Amino acid sequence: MTSELVRFGVAMEQELLAHFDRIVEERGVTRSELLRDLVRAEVVRARVAKGAPAVATLTLVYDHHVRELTEKLTEFQHRLGAGVRSTLHIHLDQNRCLEVIVLQGRSDELKRVADRLLATRGVTHGGIEIVADEEPGETVAQAGKARRAHTHDHDHGTSRVLKKRI
Ligand code: NI
């Protein structure tokens with residue numbers, strides 16, 4: 001985001017400011033820099049909560065012996081179609097599988113998908129990490145434009161993407 005910096009005054013309790021300044025010192029940044037980082041993080045959090053374009057990694061650990069679980073998980077992913085960007089599957093031991101599913105879509109829908117998969121019988125652990133699929137400050141339209149302009153002149157380091165470039 002490139003725009004002009006605006007100065008404004010902030011009132012804060014002395015004790016809170018002391019905590020803030022300790023973090024400023026530990027990180028070797030300025031008050032302004034830290035405050036900007038905090039605001040950006042909060043803007044992203046607020047957007048994700050409301051239903052914004054997002055990407056997510058969903059991690060599932062499950063027992064593949066549970067009847068029809070593997071089929072159920074596969075079927076569910078097929079139904080999501082293009083929403084599933086990539087998956088990683090690791091056979092942890094004789095019983096347990098770890099699957100990481102990278103999803104793209106609206107943050108509230110991704111959350112719903114995750115809740116459903118995590119609640120499936122046989123899934124023992126897991127969680128989802130959702131991040132906004134746009135820069136804080138840019139509009140949804142700008143984010144879409146930026147995505148379309150992404151021409152892959154850099155190496156993503158995955159054979160799948162490299163194949164697409166040919
Ligand atoms: Ni497995």
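Remember, it's 1-based here, ligands and their atoms both numbered in the order they're listed. Here the structure is a predicted model, which is why all the values come from computation and not from measurement.
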Tyr62 OH to Asn95 CG distance, which is reported to the nearest 0.5 Å: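 If I round to the nearest 0.5 Å, the distance is 12.5 Å.
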
Tell me whether [X] shares a hydrophobic cluster with [Y], the cluster being built from Ile, Leu, Val, Met, Phe, Trp, Tyr side chains joined at under 4.5 Å.
| X | Y | value |
| --- | --- | --- |
| Leu103 | Val55 | no |
| Phe8 | Met12 | yes |
| Leu88 | Val61 | yes |

Protein-derived N, O or S atoms lying under 2.8 Å from the Ni ion (ligand 1), waters excluded: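 Counting protein N, O and S atoms closer than 2.8 Å to the Ni ion (ligand 1) gives 3.
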
Donor-acceptor contact present, side-chain Ser86 to main-chain Val102, <3.5 Å: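 Judged by distance alone, no pair lies under 3.5 Å.
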
Identified side chain to side chain contact (heavy atoms under 4.5 Å, CB included) partner of Leu69 from the options Thr120, Leu60, Asp63, Thr74: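 The option that passes is Thr120.
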
